[in-house]
Number of protein chains: 2
Amino acid sequence: MAGYEVGHMLIGELSERTGTPRRLLRYYEEQGLINPSRSPNGYRDYDESLVDRVAQIRGLLDAGLPTRIIKQILPCLNKPRVIHFPDATPEMIATLEHERDRMSERVACLTRNRDAIADYLEAVRAGDHADQS
Amino acid sequence: MAGYEVGHMLIGELSERTGTPRRLLRYYEEQGLINPSRSPNGYRDYDESLVDRVAQIRGLLDAGLPTRIIKQILPCLNKPRVIHFPDATPEMIATLEHERDRMSERVACLTRNRDAIADYLEAVRAGDHADQS
DNA sequence: GTTGACCTTCACATCGGTGTGATGGTTCAA
DNA sequence: TTGAACCATCACACCGATGTGAAGGTCAAC
């Protein structure tokens with residue numbers, strides 16, 4: 001059970017470190033969002049960098065993006081500065097532009113509503129129970 | 001089929017004006033997100049203000065919020081300045097604070113990824129096909 | 001009065017993300 | 001060598017949001 005090579009881990013460790021059920025780590029792999037290598041015994045072998053990537057995936061899922069879209073935008077998000085892009089096909093670029101804009105819309109919507117909630121909370125906190133106590 | 005009282009409309013018109021299937025307008029009602037009045041004949045009668053509200057609901061759904069949560073935060077978002085809040089129970093306040101924070105997290109995640117996409121697109125556009133043509 | 005375009009309710013289906021558990025292989029330590 | 005703690009695949013179930021359509025009421029126009 002020992003992790004000989006540092007920077008690599010089994011599914012259980014990645015699960016704990018990301019707070020993600022094993023089931024979902026396998027699901028994300030099935031959807032092509034990650035592809036861990038395999039140890040000789042067939043166990044999945046996750047690279048350290050996948051901790052961040054999984055967090056990113058979950059954040060995007062939580063923000064309403066489906067795996068299909070996440071899969072398309074992930075390659076643009078490789079840690080190192082834009083090295084060499086796998087595919088700059090016009091359709092891919094159009095897709096990215098579209099998704100970028102949709103994300104901006106989501107940000108606007110969320111920001112608007114969050115600010116409204118914050119305002120409400122502030123108003124409530126501003127001693128509005130004066131007529132009750 | 002004429003709309004006698006302006007500012008009121010049938011489900012079909014609201015559907016067209018918001019780009020929302022009738023099915024979903026009824027679903028949102030069932031979930032307690034809107035409650036249109038009824039005409040004598042049983043038809044749903046939507047107020048003009050629901051055009052905006054439906055847009056808001058759809059935006060939040062698209063941003064990953066479930067109807068259960070949307071239902072809780074909607075009352076804080078009445079057009080007129082915070083008039084009188086229906087319920088300022090401590091649990092409700094805690095819920096709102098929590099959801100506000102979750103929305104901030106989503107905004108952060110979406111912004112980060114959107115910017116990365118934008119950077120990527122810019123880099124691609126910056127004549128990086130130099131080594132190909 | 002019949003037709004057409006609305007509306008109603010209701011039910012069943014699909015799809016994506018997720019939960020749960022069965023069945024069995026690998027490895028380490030007692 | 002057996003048991004515990006991992007791992008694997010696979011299948012079935014659930015839930016929320018959504019699609020689709022059947023069966024029937026209302027109303028305006030012809």
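Letters A, B, ... are given to chains in the order of the sequence lines, protein chains preceding strands, and every chain is numbered from 1.
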Side chains of Gln56(A) and Asn113(B): is there a donor and an acceptor less than 3.5 Å apart?
yes

Is it true that Arg17(A) and Glu13(A) make a salt bridge, defined as a side-chain N closer than 4.0 Å to a carboxylate O?
yes

Lys/Arg N to Asp/Glu carboxylate O, Arg23(B) vs Glu30(B), below 4.0 Å
no

Interatomic distance, CG@Asp47(A) vs CZ@Arg53(A), rounded to 0.5 Å, equals 10.5 Å

Ion pair present between Asp62(B) and Arg106(A), side-chain N to carboxylate O less than 4.0 angstrom?
yes

Pairwise 5' ranking along DNA chain D for Arg58(B) and Pro40(B), keeping only the more 5' one
Arg58(B)

What integer distance in Å separates Gln31(A):CD from dC15(C):C1'?
11 Å

May I ask you to check whether Thr18(A) and Arg58(A) show a side-chain donor-acceptor distance below 3.5 Å?
no

Looking at dG19(D), dA8(D), dC7(C), which one has an atom nearest to any side-chain atom of Pro21(B)?
dG19(D)

When you check the phosphate oxygens OP1 and OP2 of dT18(C), does a side-chain N or O of Tyr28(A) lie under 4.0 Å from one of them?
yes

Which of these nucleotides, dC6(C), dA8(D), dT27(C), is closest to any side-chain atom of Arg38(A)?
dA8(D)

From CD1 of Ile57(A) over to P of dG17(C), roughly how many Å is that when rounded to an integer?
11 Å

Without decimals, in angstroms, what is the distance between Leu24(A) CG and dT20(C) C1'?
12 Å

So, does Arg68(B) get its side chain near the phosphate of dG16(D), meaning an N or O under 4.0 Å from OP1 or OP2?
no

For the pair made of CG in Leu60(B) and P in dG16(D), what is the distance, rounded to whole Å?
18 Å

May I ask you to verify if any side-chain N or O of Thr67(A) is less than 4.0 angstrom from the OP1 or OP2 atom of dG17(C)?
yes

Where the side chain of Tyr27(B) is defined as all heavy atoms beyond and including C-beta, which of dG16(D), dA8(D), dT8(C) is the nearest nucleotide?
dG16(D)

Nearest heavy-atom neighbours spanning Leu96(A) and Tyr120(B):
CD1-CE2, 3.6 Å

If you compare every side-chain N and O of Asn41(B) against the phosphate oxygens of dC27(D) (OP1, OP2), does one of them come in below 4.0 Å?
yes

note: Leu65(B), atom CG; dG16(D), atom P; distance rounded to Å ~ 15 Å

Between Arg114(A) and Glu105(B), is a salt bridge (Lys or Arg N to Asp or Glu O under 4.0 Å) present by the stated rule, with each step listed?
CA-CA 11 Å; Arg114(A) 182 207 52 190; Glu105(B) 286 169 21; over 6 Å; no

Can you tell me the distance, in whole Å, between the CG atom of Leu25(B) and the C1' atom of dT8(C)?
14 Å

Under 3.5 Å, is there an N or O donor on one side and an acceptor on the other linking the side chain of Tyr43(A) and the base of dG25(C)?
yes

To the nearest angstrom, how far is Leu14(A) atom CG from dA8(D) atom C1'?
16 Å

By nearest heavy atom, map Arg22(B) and Leu61(A) onto DNA chain C; which one lands nearer the 5' end?
Arg22(B)

Can you name the atoms? Protein N/O to nucleotides 20-24 of chain D N/O, anything below 3.5 Å, with the distance.
| residue | atom | partner | partner atom | Å |
| --- | --- | --- | --- | --- |
| dT20(D) | O4 | Arg23(B) | NE | 3.2 |

Roughly, in whole Å, what's the span from NE2 in His8(A) to P in dC7(D)?
16 Å

Side chain of Leu10(B) - closest among dC6(C), dG17(C), dG19(D)
dC6(C)

